[in-house]
There are 2 protein chains.
Amino acid sequence: MVQVMDPARVQTRRMEILAAASAVFRERGFHAAGMREIAQRMGVAVGKLYYYFDSKEALLAFCQEDCLRRLLDMVAQAEQSSASPALQLQAIVRGHVRCLNSEVPGSLAHLEVESLAPADRARIMRLRRRYERALQGVLERGVAAGCLRCADLPLATRTLLGAMNWTVKWWRPDGRMGLDALADGVVEQMLHGLAVSRRKGAH
Amino acid sequence: MVQVMDPARVQTRRMEILAAASAVFRERGFHAAGMREIAQRMGVAVGKLYYYFDSKEALLAFCQEDCLRRLLDMVAQAEQSSASPALQLQAIVRGHVRCLNSEVPGSLAHLEVESLAPADRARIMRLRRRYERALQGVLERGVAAGCLRCADLPLATRTLLGAMNWTVKWWRPDGRMGLDALADGVVEQMLHGLAVSRRKGAH
DNA sequence: CCATCACTTGAACCATGGTTCAGATGATAA
DNA sequence: TTATCATCTGAACCATGGTTCAAGTGATGG
């Protein structure tokens with residue numbers, strides 16, 4: 001062994017590739033993105049990508065996994081804070097839209113699950129469910145604490161997820177509002193709703 | 001002219017193709033869907049698809065356009081009813097999730113805009129914006145009428161759109177809830193929110 | 001009948017783009 | 001200096017799948 005197979009160095013290379021891939025995936029969409037284009041963006045040859053990843057699908061899987069772990073870390077951190085559930089929710093929504101929309105590697109990960117190889121899909125879906133459950137747990141504790149209410153917890157979770165995930169389809173960095181303002185607006189709407197009248201069955 | 005080029009017949013054929021294409025697009029996603037598979041689903045040859053459509057992209061464009069026109073009709077109908085804005089909103093959400101999730105042709109249209117040919121994209125985007133504006137108009141009139149409130153109209157519209165569009169990612173016909181129940185749940189949450197406490201700046 | 005033409009067929013064509021691999025590079029230990 | 005091995009290169013390979021088109025079918029008007 002003349003040269004070390006430094007795992008840290010490998011990890012670094014993988015993250016660099018991830019960053020470029022993530023950017024191209026975001027701009028072109030997964031299918032339209034080409035391996036050549038990702039390589040070109042980094043100023044390297046295509047072969048390098050295949051030295052660190054088995055396939056394009058593996059690259060996508062790594063991309064999604066990284067993002068989901070980031071999200072899970074974020075929600076865990078929010079959970080263990082002493083803030084009220086409503087404030088925890090705000091922190092989570094901020095973290096979520098930032099994670100999906102910022103330039104950092106791993107964004108856009110949620111979408112495009114269909115394109116994953118079956119082998120990876122199971123693992124990703126498990127992480128995804130874990131994140132959704134965590135999110136639902138925050139709502140649930142809010143209800144238990146008496147400061148939130150909702151008739152259908154899973155539905156509420158998915159509605160929230162939809163609102164957050166959809167932002168990647170329209171939000172642009174050069175738009176009129178920043179990510180935090182966006183997140184705060186979503187939270188405000190989600191918490192207090194659009195109706196002026198008192199809610200009907202407020203038992 | 002020995003045989004008539006019956007426009008109605010042509011339209012029928014196009015709609016039949018649309019139905020099959022829409023189904024396959026939904027199951028596999030646009031890129032993974034193959035023209036051969038669409039043809040096979042109908043029990044015809046691939047060539048037939050190209051007799052009625054210029055390309056796969058044109059097929060997608062037709063698919064999206066059909067769905068958007070359906071949505072626009074639906075929202076127009078809701079608008080000219082004498083129901084309260086809140087009830088109009090309910091009707092629209094019901095119509096929207098039904099349109100996106102039911103088996104009828106044209107569903108799943110909103111997503112995959114990236115895959116459109118530039119020529120079609122402009123037309124589709126125009127329809128899309130028109131629909132979003134119509135939706136926003138309903139909210140706006142609700143605010144004007146004093147039964148709705150919202151700090152950021154465009155943001156509210158997009159949040160709602162996100163919640164509705166996201167349903168195609170998780171709702172399944174064999175699940176526990178029907179489409180109308182789903183829609184009603186979304187409306188309830190959107191109108192009255194998740195918070196128990198009085199809203200803060202309720203001027 | 002026959003000619004015409006809308007409509008349909010499906011095998012063949014071909015561009016795209018993911019993937020491979022034989023060879024170059026260069027750092028390190030001996 | 002030299003051998004070795006991780007790392008990287010990029011041209012070539014090849015499967016996939018959108019697209020074409022020459023030929024078939026059958027209804028219709030003459």
Side-chain angles (χ1 to χ4, degrees), chain A residues 1-25 27-63 112 114-120, chain B residues 1-25 27-63 112 114-120:
Chain A
M1 194 75 68
V2 200
Q3 239 180 31
V4 270
M5 269 193 306
D6 187 358
R9 168 171 288 273
V10 168
Q11 187 63 11
T12 302
R13 292 284 168 278
R14 285 170 66 92
M15 292 306 284
E16 285 168 3
I17 293 173
L18 178 58
S22 183
V24 180
F25 286 166
E27 288 170 24
R28 296 252 189 284
F30 174 69
H31 282 98
M35 294 297 269
R36 283 168 241 267
E37 191 182 354
I38 295 171
Q40 196 170 9
R41 166 94 40 135
M42 303 178 64
V44 301
V46 243
K48 184 168 182 175
L49 305 183
Y50 286 91
Y51 185 79
Y52 289 100
F53 291 95
D54 285 339
S55 65
K56 192 184 176 188
E57 281 180 348
L59 192 44
L60 177 65
F62 187 72
C63 186
E112 306 269 13
E114 313 81 23
S115 312
L116 286 170
D120 298 318
Chain B
M1 194 78 68
V2 201
Q3 242 181 31
V4 271
M5 269 194 306
D6 188 357
R9 168 173 288 275
V10 168
Q11 187 63 10
T12 302
R13 292 284 168 279
R14 284 169 67 92
M15 290 308 282
E16 285 169 4
I17 292 173
L18 178 58
S22 184
V24 180
F25 287 166
E27 290 170 21
R28 298 253 190 283
F30 174 69
H31 281 98
M35 293 298 267
R36 284 168 240 266
E37 190 180 355
I38 295 171
Q40 196 171 10
R41 166 94 39 136
M42 303 178 64
V44 301
V46 244
K48 184 169 184 177
L49 304 183
Y50 285 92
Y51 186 79
Y52 290 99
F53 291 95
D54 284 339
S55 65
K56 191 185 176 188
E57 281 180 349
L59 193 44
L60 177 65
F62 188 71
C63 187
E112 306 269 13
E114 312 81 22
S115 312
L116 285 171
D120 299 316

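Fair warning: this is a prediction, and the values are worked out from it, not measured in the lab. Note on naming: letters A, B, ... go to the chains in the order of the sequence lines (proteins, then strands), and numbering restarts at 1 for each one. Only this structure's heavy atoms are used, side chains among them; waters, hydrogens and symmetry mates stay out.
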(message) Side-chain N or O of B:R13 versus OP1/OP2 of C:dT8: is the shortest distance under 4.0 Å?
(response) yes

(request) In whole angstrom, give the distance that lies between atom OH of A:Y51 and atom P of D:dC5. (result) 13 Å

(request) Working to the nearest 0.5 Å, report the span between CG of A:D120 and OG of A:S115. (result) 12.0 Å

Side-chain donor-acceptor pairs under 3.5 Å in residues 38-53 of chain A, sequence neighbours left out?
from  : atom 1 : to    : atom 2 : distance (Å)
A:R41 : NH1    : A:E27 : OE2    : 3.2
A:R41 : NH2    : A:E27 : OE1    : 3.1

(request) Find the distance A:K48:NZ to C:dC21:C1' and express it as a whole number of Å. (result) 18 Å

(request) Measure from the side chain of B:V10, starting at C-beta and using heavy atoms only, and say which of C:dC7, D:dT9, C:dT8 lies closest. (result) C:dC7

(message) For nucleotides 16-24 of chain D, give me one character per nucleotide, 5' to 3': B if any protein heavy atom sits under 4.0 Å from the base, S if the only such contacts are to the sugar-phosphate, - if neither.
(response) -BBBB----

(message) Distance check, rounded to the nearest 0.5 Å: A:T12 atom OG1 versus A:I17 atom CD1?
(response) 11.0 Å

(request) Specify the separation, in whole Å, of atom CG of A:L49 and atom C1' of D:dG10. (result) 12 Å

(message) Applying salt bridge (Lys or Arg N to Asp or Glu O under 4.0 Å), can you list everything that pairs with A:R13, at least two apart in sequence or on another chain?
(response) A:E16

(request) Check every strand shown and say whether A:Y52 touches a base, only sugar-phosphate, or nothing at a heavy-atom separation below 4.0 Å. (result) sugar-phosphate

(request) Please list, chain by chain and in numerical order, all residues satisfying salt bridge (Lys or Arg N to Asp or Glu O under 4.0 Å) with A:R28, sequence neighbours excluded. (result) A:E37

(request) Measure from NZ or CZ of B:K56 to the centre of the six-membered ring of B:F25 and say whether it is under 6.0 Å with the direction within 45° of the ring axis. (result) no

